[in-house]
Amino acid sequence: MARVAEAVASSESRATDRRDAWWLAPVSVAVGLGVLGLYLFWAAAQNGNFRFENYLSPVYSPEVHPSWWPISPAFLILLPPLFFRTTCYYYRKAYYRAFFWDPPACAVGEPHRNYTGEVKFPFILQNMHRFSFYLAAFWLIFLWYDVFEAFRFASGFGVGLGSLVILASTGTLTLYTLSCHSWRHMVGGKLDCFSCTASARSRHGVWQRVTHLNEHHQLFAWISLFAVTAADVYVRLLAMGVIHDVRLL
Amino acid sequence: MTEAVFHVFRGDAKGGSLQPYKVQVEEGMVVLDAIHRIQAQDAPDLAVRWNCKAAKCGSCSAEVNGKPSLMCKTRLDALPLDQPVVVKPIRSFPVIRDLVTDVQWNYEVNKKIPPFTPKKDAPWRWMQEDIDRVQEFRKCIECFLCQNVCHVIREHGVKSGFAGPRFFVRVASVEMHPMDDLNRTALLKDEMGIGYCNITKCCTEVCPEDIHITDNAIIPLKERVVDDHYDPVRKIFRLLSGKKSS
Ligand code: SF4
Ligand code: SF4
Ligand code: FES
Ligand code: FES
């Protein structure tokens with residue numbers, strides 16, 4: 001086993017020595033968030049075709065039309081969910097990597113500049129995530145009301161494809177909300193002793209369940225975003241007369 | 001038997017370069033085996049730190065093909081051997097020689113953490129569910145791969161005012177202990193710089209002990225810091241009730 005004589009040029013100047021497709025994850029996230037974000041922005045700007053009979057698009061729920069608000073009400077309605085998603089611990093990871101390249105992937109170089117993480121404004125506001133959770137949890141009341149309405153046809157109870165699409169949207173949003181890290185902290189994570197009192201013991205049970213959900217938080221973040229988009233697309237196409245609802249029951 | 005080429009960093013604090021070595025590959029070999037073979041056959045002066053060869057002592061951390069890993073846990077059959085395997089020392093700490101780095105800074109950071117401080121006059125008894133979380137953190141083998149990959153240290157060189165993921169794990173192991181009586185949230189916020197962590201999870205990705213560093217230690221600690229230092233509602237409540245945060 002002879003040692004080859006010549007030295008190999010140092011690769012210090014490269015951003016990374018990684019050989020795998022490390023760029024695939026940040027590019028996929030950037031494309032995914034970019035496409036869905038642009039679509040939802042476009043849908044919010046339309047201010048029309050968001051209702052078809054008993055179906056209401058989640059982008060416009062709750063349905064309000066305040067006279068003092070000059071543009072599409074969706075831009076008002078979407079503020080709490082937007083606050084929730086932008087301060088979400090998972091989405092923070094996703095956009096810090098995909099858009100800020102802080103870092104783009106592990107052990108990959110970053111464009112150098114002053115980095116202050118979440119210590120200074122505006123990112124210090126990420127610490128307010130729990131308040132967005134309260135709002136998002138409250139928003140679920142409206143969204144579940146929409147589900148109830150989506151199964152209530154002029155003829156009484158029924159099931160259309162739209163009912164299921166709206167149920168999927170609210171159902172996955174509920175899973176996403178209940179798997180939140182701040183919620184996991186509130187229900188029991190903050191306790192040091194789970195066995196010390198009766199209330200701590202029951203909170204431990206809830207904390208365990210939330211922890212199981214929390215392990216899939218990233219998955220719920222994505223499928224709920226897809227489901228909300230799909231629900232808007234479906235209702236919009238119905239309202240535009242492009243497709244017809246399929247009645248299953 | 002196949003032959004693989006290894007490009008191994010040789011040098012010291014003043015600088016160095018990658019040197020090529022050929023190694024006969026046998027079934028079941030890990031990168032550390034290859035390094036030992038190079039030491040035995042070609043370069044007896046090649047410096048490498050190792051102890052257990054069982055992924056338990058945390059000594060053999062290096063960067064294999066750019067990925068921070070334990071050399072004794074990285075199998076050759078998991079690497080593309082049609083290209084040279086690049087082995088470098090971990091990048092965030094100063095090189096002493098070849099693959100050996102000076103990780104002293106970590107021990108200095110560790111000294112700043114007030115150790116486990118038991119409650120006085122409390123019954124010395126707890127249940128398994130109280131200690132499950134802490135046991136995960138106690139698996140840490142101090143390989144410092146998480147410290148090495150953390151971009152706050154690696155890319156931005158923030159070493160004063162930032163403790164790094166390994167020490168958030170250590171703080172979590174005492175903060176969440178049912179018998180511990182201290183509150184370290186002010187320390188986490190001000191001296192350990194938990195706010196510099198942007199929860200991008202590279203520490204979790206490289207941890208050879210599969211500790212869920214970000215989800216189970218850092219984020220819960222960030223939430224505790226919010227409780228005591230950022231939550232305005234809790235602050236008002238504390239003012240009204242006359243309670244202190246820490
Ligand atoms: S999650 Fe935080 S501590 Fe872990 S590597 Fe990323 S920035 Fe560093
Ligand atoms: S937390 Fe994991 S990666 Fe970090 S030092 Fe401990 S074992 Fe190594
Ligand atoms: S919603 Fe993602 S952490 Fe709260
Ligand atoms: S030699 Fe002990 S961890 Fe690799």
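Since the structure is predicted, the reported quantities are computational estimates derived from the model, not experimental observations. Order of the sequence lines sets the chain letters (A, B, ...), proteins ahead of strands, with each chain counted from 1. Just so you know, these numbers use all the heavy atoms, side chains as well, and skip hydrogens, waters and symmetry mates.
Note: B/His229 NE2 to A/Asn127 CG = 11.0 Å, rounded to the nearest 0.5 Å. One distance of note links NZ of A/Lys93 with NZ of B/Lys201; it measures 5.5 Å at 0.5 Å rounding. Note that the OH atom of A/Tyr89 and the CD1 atom of B/Ile218 stand 11.0 Å from one another [nearest 0.5 Å]. Atom OH of residue A/Tyr95 and atom CG of residue B/Asn198 lie 9.5 Å apart, to the nearest 0.5 angstrom. Atom OG1 in B/Thr200 sits 6.0 Å away from atom CZ in A/Arg97 (nearest 0.5 Å).
At a heavy-atom separation below 4.5 angstrom, chain B is approached by A/His181, A/Ser182, A/Arg184, A/His185 within residues 176-185 of chain A. Contacts of residues 130-142 of chain A with chain B at a heavy-atom distance below 4.5 Å involve A/Arg130, A/Phe131, listed in sequence order. For residues 192-222 of chain A, the interface with chain B (any heavy-atom pair closer than 4.5 Å) comprises A/Asp192, A/Cys193, A/Phe194, A/Ser195, A/His204, A/Trp207, sorted by residue number. At a heavy-atom separation below 4.5 angstrom, chain B is approached by no residue within residues 24-41 of chain A.
The number of heavy atoms from other shown groups lying within 6.0 Å of CZ (A/Phe226) does not exceed 12. More than 12 heavy atoms of other residues, nucleotides or ligands lie within 6.0 Å of CH2 in B/Trp126, so this atom counts as buried by the packing criterion.
Residues A/Arg18 and B/Lys67 are in side-chain contact: their nearest non-hydrogen atoms beyond the backbone lie under 4.5 Å apart. Between B/Asp227 and A/Lys190, some side-chain heavy-atom pair lies under the 4.5 Å cut-off. Within the 4.5 Å cutoff, the side chain of B/Tyr230 has heavy atoms near those of the A/Ile124 side chain.
At a 4.5 Å heavy-atom cutoff, the contact between A/Met128 and chain B is made by side-chain atoms alone. For B/Cys197, the part lying under 4.5 angstrom from a heavy atom of chain A is the backbone only. Heavy-atom distances place both the backbone and the side chain of A/Asp102 under 4.5 Å from chain B. Proximity to chain A (any heavy atom under 4.5 Å) is shown, for B/Glu223, by both the backbone and the side chain. For B/Arg224, the parts sitting under 4.5 Å from any heavy atom of chain A are the backbone and the side chain alike. Of the atoms belonging to B/Glu175, it is backbone heavy atoms, and not side-chain ones, that fall under 4.5 Å from chain A.
A pairwise comparison of heavy atoms in B/Cys202 and A/Ala105 identifies SG-C, 4.4 Å as the closest pair. Closest heavy-atom contact between A/Cys106 and B/Val149: CB-CG2, 4.0 Å.
Per-residue counts of heavy-atom pairs under 4.5 Å with chain A were compared for B/Glu129, B/His212, B/Met127, B/Arg125; the largest is that of B/Glu129.
Between A/Tyr115 and B/His151, the ring-plane angle classifies as perpendicular under the 30° and 60° cut-offs.
Side chain of A/Glu118 to backbone of B/Gly195: no donor-acceptor contact under 3.5 angstrom is found. Using a distance-only test at 3.5 Å, with no hydrogens or angles considered, a donor-acceptor pair links the side chain of B/Arg133 to the main chain of A/Gly189.
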